[in-house]
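Below you'll find the structure, written out as structure tokens, and then a few comments.
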Amino acid sequence: MKLTRSLLVAILVTFFGAPAALALDVGTAILRIERTLPLPISRLDLPPADLGFAGGRLGIEDNQTTGRFIGVDFTMETRSVPPEEAAAALDELRANQNRLIIVMADDETLAALADHAGEDVLLFNATARDEALRNDECRANVLHVVPSRAMLADAVMQFLVWKKWARMFLIFGSHPEDHLLADAYRSSAEKFGINVVEEREFVDTGGARRTDSGHVQVQRQIPVFTQRAKEHDIVLAADEADVFAAYLPYHVWDARPVAGSAGLRAVTWHSAHEAWGATQFQRRFERLAGRPMREEDYQVWLATRVIGEAVTRTGKSDPSAIRAYALSEKFELAAFKGQKLTFRDWNGQLRQPILLTNRHTTVSVSPQDGFLHQNSPLDTLGADRPESTCRAFEGATR
Amino acid sequence: MIPLRTLVPMIVTVVLLSATPALANKVFVTNERGNTVTVLDSETWERIDEFPAGNRPRGITISPDGKELYVCASDDDAVRVFDPETYEELHTLPSGPDPELFVLHPSGNPLYIANEDDNLVTVVDVKTRQVLAEVPVGVEPEGMAIHPDGGYFINTSETTNMAHFIDAESYEITHNILVDQRPRYAEFTTDGKKLYVSAEIGGTVSVIDTSGEEPEIIRKIGFEVPNVLPEWLQPVGVKASKDGSRIFVALGPANRVAVIDGATDEVMDYLLVGQRVWQMAFTPGEEFLITTNGNSNDVSIIDVKAEKVVRSVQVGEQPWGVVVAPN
């Protein structure tokens, strides 16, 4: 699928009479790794076929509008393959002159792709959330636009501190990623002085995710599962596998709010967000894709815009120039979150405010007021420079 | 027909106006959330009235003869035209979708409107109410300014991060100047030799020299306020005094207006105003500068000569734009 826009550009250039000052072609690509996942609990969460790709299309359109004024032509190629074909797909994209590649993959596949790609390719991590990839396992040729689990956990925890909900009942799922998320919640709770007063594991026993009138049993099972927990202010659910968290609100034994994987959720984006000019952005996306924007779309859009900004400001398109500019103090990106986004030069992680949503409105945005930092309040979310064990970025800047 | 509750304050206004005709002007403030326009008196700073102005009123301006008040009703996809005396809606103008800001030609016609949703600038004849042109620009067009000689106008696009220079005859883009992130507002000096473009997320104001063959950025003004996080120093509205000696920049969530020396383009002072200061307008003699403060539901009144905030006046919900009737 080659989303070249050269015809439109040609027309526009004629129209504007804009001087093609740079005459630069920038080949970008999205590599999406398909995973066979169980169905989501809610049909609202069924993944659309163009998940992420639609965000990339919008990003390229945005880049093109700037590009056409200065003589830069952005193109985008997309691939969706199973993990075992990832390396071959990457080679193919590279052979087509795409050296800036946005990857939607699990952590393991991303790490393997980074090692396979080598230095003349720059990868943008749009979906993998492991801490390890930002620390011991970090790769110099990967920039992370998606927040880590620690950043998302800290975003929730700061809100709990603000609310003075200091006693947490942690319920985590039985899948490995649920355990990683529970770890992130525990570390974050310790960092911000929240007490984990009780922990329970909700074991996934398999079976169909959705059954007709399944709510009848849910209404009986969840209260029983959550009864006689120690006195708590909030229930925190760690359920990345999407097995049980959505059943917790209203069904938990004690009348307590739920946060984490259900209830109040920490996200990079949701389709109700309107602040900071987001309304126009949502509408542009919906016109293009015919559906509301998902987090994955926003993250891919972000990666595309990082590329667009770096190319527009430097007049260069080679991965090393893009990487150097992105990590430099000159880089800044407006992304409908009320402040500029920048990269952490010690591990290539994009700093960004995190939205807290009940899926209906934006409830709050973290970092919360009063959480201060000597460099940027955004560095109160996730691991800070002194804690970092990433060494691949040493000597990048500063 | 004028509603009774409007009539009473109007009579008061007439009395006030006749007492000191040279000083009192009507000040019109759009209230983005309240869906109204609040009318203030520039001498007493009393609220004269408040009238419905459509859905999500933002940009506001007035004809040079003071006979027509134009309001961008963003959620109605129209520009509503009101009689500044009776507050009656006269008609609407075709604006294209989601109009946010606009600028009138110095002669009073046409009106140049930024359509944030459609990446267009729409040019509308305010007399015939016809669309004269639609000019494709960058993503999320916002700020609009017209050169004092009327020969060309400026549009800033928030996601493309450019100031587009557009010929007022041919409607062709002649220059594109890359500025910092999310440019919101453009303002010429009266002599037309300098253009100020604010970048909200970039936190700077670009000073563009427009006196030569090609426009070029000659300086970027940054801001620094002790005990205010740099992230909150977000320049939005810009106003230049007629003699060009002072440039005022509204700094959004920093709740400050920066005072800039127009000769050196250095920041001289920061004035504490209400919360989330957005747009500004001078009184005709430039005695006062009025700022809209979106999060505190008020306007701050700055004594321009003294460079001091002299009072604040409560208006409607989430004030956004402001214009003062001419003498």
Side-chain angles (χ1 to χ4, degrees), chain A residues 8 11-19 21 58-59 61-71 274-284 286-287 301 305 308-309 312-313 315 330-342 351 353 367 369-378, chain B residues 56 74-75 77 97-98 100 114-120 134-142 157-167 170-184 199-204 214 227 229-234 236 252-254 276 294-295:
Chain A
L8 178 60
I11 295 164
L12 288 168
V13 167
T14 315
F15 187 86
F16 290 114
L58 184 64
E61 284 198 3
D62 288 355
N63 288 349
Q64 277 295 87
T65 52
T66 312
R68 79 193 187 214
F69 293 122
I70 56 171
E274 292 211 83
W276 304 303
T279 314
Q280 284 79 30
F281 178 57
Q282 304 271 23
R283 284 192 207 155
R284 269 193 288 136
E286 285 156 16
R287 265 203 305 262
W301 175 85
R305 290 290 299 129
E309 266 306 302
T312 305
R313 304 281 169 179
K330 285 184 195 150
F331 179 85
E332 55 186 43
L333 183 66
F336 309 98
K337 290 195 165 175
Q339 56 176 293
K340 58 190 166 197
L341 312 193
T342 56
R351 297 179 176 98
D369 270 352
F371 288 89
L372 302 177
H373 190 276
Q374 65 275 21
N375 286 332
S376 159
L378 293 177
Chain B
R56 204 176 179 197
S74 299
D75 282 354
D77 298 336
D98 200 11
E100 182 165 349
N115 299 123
E116 234 188 329
D117 238 16
D118 254 16
N119 306 343
L120 289 175
E134 285 183 338
V135 187
V137 289
V139 182
E140 288 167 41
E142 167 105 9
S157 48
E158 286 175 342
T159 293
T160 303
N161 301 321
M162 279 179 170
H164 307 289
F165 287 61
I166 305 163
D167 188 290
S170 65
Y171 300 121
E172 271 180 31
I173 296 184
T174 56
H175 301 92
N176 297 293
I177 303 281
L178 200 57
V179 294
D180 287 337
Q181 297 287 304
R182 212 169 156 78
R184 293 295 297 246
E200 182 186 17
I201 296 294
T204 59
E214 301 270 320
N227 301 319
L229 291 174
E231 287 82 355
W232 301 135
L233 295 163
Q234 301 184 349
V236 188
R276 203 199 79 167
N295 281 352

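Lettering follows sequence order; numbering is per chain, from 1.
- Heavy-atom minimum distance, B:Gln181 versus A:Ala334: OE1-N, 2.6 Å.
- The side chain to side chain contact (heavy atoms under 4.5 Å, CB included) test with B:Thr160 is passed by exactly one of A:Thr312, A:Asn63, A:Thr66: A:Thr66.
- The two residues A:Arg283 and B:Asp98 make their nearest non-hydrogen contact at NH1-OD2, 3.7 Å.
- Note: B:Asp117 CG to A:Gln282 CD = 11.5 Å, rounded to the nearest 0.5 Å.
- Closest approach of A:Gly277 and B:Arg182 over heavy atoms only: CA-NH2, 3.5 Å.
- No part of A:Leu378 comes within reach of chain B, as not one of its non-hydrogen atoms sits under 4.5 angstrom from that chain.
- Pairing each heavy atom of A:Pro377 with each of B:Leu229, the nearest pair is CG-CD1, 3.8 Å.
- Checking side-chain atoms of A:Arg313 against main-chain N and O of B:Leu178 turns up no donor-acceptor pair under 3.5 Å.
- Rounding to the nearest 0.5 Å places CG of B:Asp180 at 8.0 Å from NZ of A:Lys340.
- Across every non-hydrogen atom of B:Thr159 and A:Arg305, the tightest pair is O-NH2, 3.1 Å.
- Once rounded to the nearest 0.5 Å, the distance linking CZ of A:Phe69 with CD1 of B:Ile173 reads 4.0 Å.
- Taking CD of A:Glu332 as the start and CG of B:Asn161 as the end, the distance is 8.5 Å to the nearest 0.5 Å.
- Of the listed residues (B:Glu158, B:Glu100, B:His164), the greatest number of heavy-atom pairs within a distance under 4.5 Å of chain A belongs to B:His164.
- A:Gln280 places no side-chain N or O within donor-acceptor distance of the main-chain N or O of B:Glu140, the cut-off being under 3.5 Å.
- In this structure, B:Asn176 CG and A:Ile70 CD1 are separated by 9.0 Å, a value rounded to the nearest 0.5 Å.
- A distance of 13.0 Å separates CZ of A:Phe281 from CD of B:Glu116, quoted to the nearest 0.5 Å.
- The residue among B:Val179, B:Ile166, B:Asn119 with the most heavy atom pairs within less than 4.5 Å of chain A is B:Val179.
- Closest non-hydrogen pair, A:Arg68 versus B:Val137, comes out as NH2-O, 2.9 Å.
- Using modelled atom types, no side-chain atom of A:Glu61 and backbone atom of B:Val139 make a donor-acceptor pair closer than 3.5 Å.
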